[in-house]
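Here is the structure we will look at, set down as structure tokens.
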Amino acid sequence: MKMGMTSRTMLALAALLAAGCTRDGDGGGDSRRADANQAGTTAACEVVEKGFNLPDVLTETSGIALSRTRPGVYWSHNDSGRPADVFAIDAEGRLLQTVHVTGAKNHDWEDIATGPCPAGGGNCVYVGDIGNNDKDRNHVGMWVFPEPEPGARATAPAQEFRARYPEHRTDIEAMAVLPDGRVYLVSKGNNDAIQLFRWPTPLQAGAEPALERVRELAPEPKEIGDRVTAASASPDGRFVAVRTYAALAIYRTQDLLGSGQPFAQFDLDPLAEPQGEAVALGSDGSVVLTSEGPGSKHVPGTIARLRCSLPQQ
């Protein structure tokens with residue numbers, strides 16, 4: 001979603017949940033250390049690379065996900081109203097492949113994930129048609145299809161899944177898929193609290209169940225920079241990253257789904273992103289983030305990489 005940044009603040013989500021953050025004095029502005037809530041456990045993140053431009057076809061990147069079949073490859077897509085295409089890129093933003101999603105429409109694509117196919121037997125890409133900027137939609141949508149092979153120009157026919165809001169309509173831009181196929185959404189916090197929702201599983205095409213509210217993560221953000229724009233589960237399912245325009249928080253999955261706090265947070269100001277949008281978290285602590293460039297200024301989107309030390313237990 002296009003939205004002008006009026007501030008670059010620390011992650012209100014993490015701050016409200018009391019996950020402290022300190023800045024290293026000798027880090028040259030590019031490293032931050034995030035202290036865990038559990039005694040004796042720390043996690044640190046540092047910038048590995050930043051400043052690579054995204055290809056011109058990704059005019060409004062809104063999500064990024066690790067390929068499950070091709071090491072070093074990521075899937076991304078454009079925001080609302082663009083063609084129903086996904087793009088394979090590498091960690092430096094180079095375009096590897098453009099693939100049309102057969103049978104799909106891009107109403108308001110906001111995030112992307114990879115995980116097991118709903119019927120089993122392979123790896124699938126999940127594209128979240130979950131945006132609701134004007135809160136005029138009664139449901140969220142999701143397109144799911146087998147991960148494309150190298151060289152493919154179109155996917156197998158995508159399955160559409162829908163779900164209703166459990167209460168009032170809200171804008172959602174963040175989606176994470178766990179290794180067992182469970183799908184979670186995090187609301188953005190546009191004029192309401194930041195909420196975690198579960199998509200009822202098993203997924204059923206043609207049905208429209210209500211999303212299940214799991215918990216409130218934070219009250220309504222006071223700053224635009226603190227609104228949630230993306231989420232990502234690590235492939236091993238142990239961790240979930242949640243990002244805003246301006247910062248990153250990492251949870252143990254069990255803490256996110258329970259009542260726990262993020263164990264790490266990272267101020268994304270050093271990346272100088274035009275408008276931070278997406279995150280992909282690796283099981284080894286690698287993090288890839290993309291940002292879209294404001295179209296009115298013809299600024300290209302960017303891609304950056306972090307390395308975070310994740311707790312072993």
Side-chain angles (χ1 to χ4, degrees), residues 1-2 52-115 117-118 122-133 137 140-162 172-177 183 185 203 205 229-232 273-280 288-295 298-303:
M1 173 187 175
K2 288 287 186 187
F52 292 112
N53 288 343
L54 290 170
D56 291 340
V57 293
L58 272 168
T59 55
E60 197 176 354
T61 177
S62 196
I64 190 167
L66 281 160
S67 168
R68 296 298 180 97
T69 62
R70 300 160 63 182
V73 174
Y74 299 84
W75 292 104
S76 188
H77 61 87
N78 283 313
D79 204 338
S80 58
R82 303 303 197 279
D85 297 331
V86 293
F87 306 94
I89 60 175
D90 66 14
E92 294 184 358
R94 289 181 288 250
L95 179 66
L96 306 175
Q97 187 179 1
T98 299
V99 186
H100 182 68
V101 182
T102 303
K105 295 181 180 180
N106 183 350
H107 180 86
D108 197 353
W109 290 8
E110 289 292 356
D111 211 352
I112 189 170
T114 51
C117 294
N123 298 291
C124 274
V125 177
Y126 293 66
V127 178
D129 198 346
I130 53 180
N132 198 2
N133 302 337
R137 302 176 71 187
V140 292
M142 185 166 57
W143 297 97
V144 184
F145 48 91
E147 186 164 346
E149 296 288 339
R153 295 185 178 182
T155 70
Q159 281 190 293
E160 182 183 16
F161 300 95
R162 291 187 176 188
I172 299 174
E173 294 193 8
M175 179 181 72
V177 177
V183 179
L185 307 177
L203 298 176
T229 60
S232 174
E273 294 178 300
Q275 183 172 298
E277 288 286 340
V279 61
V288 171
L289 303 113
T290 61
S291 173
E292 69 183 44
H298 303 288
V299 178
T302 61
I303 186 168

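Keep in mind that the numbers below use all heavy atoms, side chains included, and drop hydrogens, waters and symmetry copies. This structure is a prediction, so every number in the text was calculated from the model and none was measured.
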Q | Residues which pass side-chain hydrogen bond (donor to acceptor under 3.5 Å, both in side chains) with S76, listed by chain and number, not counting sequence neighbours | A | T61
Q. Are any side-chain N or O atoms of E60 and backbone N or O atoms of S80, one a donor and one an acceptor, separated by less than 3.5 Å?
A. no
Q. Are any of the side-chain heavy atoms of S232 and L66 separated by less than 4.5 Å?
A. no
Q) Roughly how far, to the nearest 0.5 Å, is the OG1 atom of T102 from the CZ atom of F145? A) 9.0 Å
**Q.** Reported CG-to-OG1 distance for the pair L54 and T302, which is rounded to 0.5 angstrom
**A.** 6.5 Å
Q. Which residue pairs pass the salt bridge (charged side-chain N to carboxylate O under 4.0 Å, His left out) test when at least one of the two sits in residues 141-158, sequence neighbours left out?
A. none
Q | Main-chain N/O of E277 paired to T229 side chain as donor or acceptor, under 3.5 Å | A | yes
(Q) Under a 3.5 Å distance rule, please check whether R68 uses its side chain to pair with a backbone N or O of T114 as donor and acceptor. (A) yes
Q: Measure the spacing between CG of N106 and CZ of R82 and express it to the nearest 0.5 Å.
A: 8.5 Å
Q | side-chain contact (heavy atoms from CB on, under 4.5 Å) assessment of V101 paired with W109 | A | CA-CA 12 Å; V101 182; W109 290 8; 4.0 Å; yes
Q: Any chance you could lay out the side-chain contact (heavy atoms from CB on, under 4.5 Å) test for N132 and V140, step after step, and finish with the verdict?
A: CA-CA 8 Å; N132 198 2; V140 292; over 6 Å; no
Q. Between S62 (side chain) and E110 (backbone), is there a donor-acceptor pair under 3.5 Å?
A. yes
Q. If you take all heavy atoms of Q97 and G151, which pair is closest and at what distance?
A. NE2-N, 3.2 Å
Q.
Using the side-chain contact (heavy atoms from CB on, under 4.5 Å) criterion, which residues pair with L95? Sequence neighbours excluded.
A. P55, V57, F87, I89, T98
(Q) How long is the straight-line distance from OH of Y74 back to CD1 of I112, given to the nearest 0.5 Å? (A) 13.5 Å
**Q.** W75 vs V99, side-chain contact (heavy atoms from CB on, under 4.5 Å): CA-CA, chis, key distance, verdict
**A.** CA-CA 10 Å; W75 292 104; V99 186; 4.0 Å; yes
Q. Taking all non-hydrogen atoms of both residues, which atom of A65 and which atom of A113 are closest, and how far apart?
A. CB-CA, 3.7 Å
**Q.** Nearest heavy atoms of W143 and A158, plus distance in Å
**A.** CE3-CB, 4.0 Å
Q) To the nearest 0.5 Å, what is the distance between CE (M142) and CE (M175)? A) 6.5 Å
Q.
Are V125 and T155 packed together at the side-chain level, in the sense that at least one heavy-atom pair is separated by less than 4.5 angstrom?
A. no
**Q.** From CA spacing to verdict: side-chain contact (heavy atoms from CB on, under 4.5 Å), L203, Y126
**A.** CA-CA 12 Å; L203 298 176; Y126 293 66; 4.0 Å; yes
Q. Within the distance-only criterion (no hydrogens, no angle test), does the side chain of D111 pair as donor or acceptor with the backbone N or O of A231 below 3.5 angstrom?
A. yes
Q: Heavy atoms only: give me the nearest G293-P274 pair and the separation to one decimal.
A: CA-CB, 4.0 Å
Q | Heavy-atom donor-acceptor pair, D129 side chain to D108 backbone, under 3.5 Å | A | yes
Q.
Once rounded to the nearest 0.5 Å, what's the spacing between atom CG of D85 and atom NE2 of H77?
A. 12.0 Å
Q.
Any side-chain to backbone donor/acceptor pair from N78 onto T59? Under 3.5 Å, distance only.
A. yes
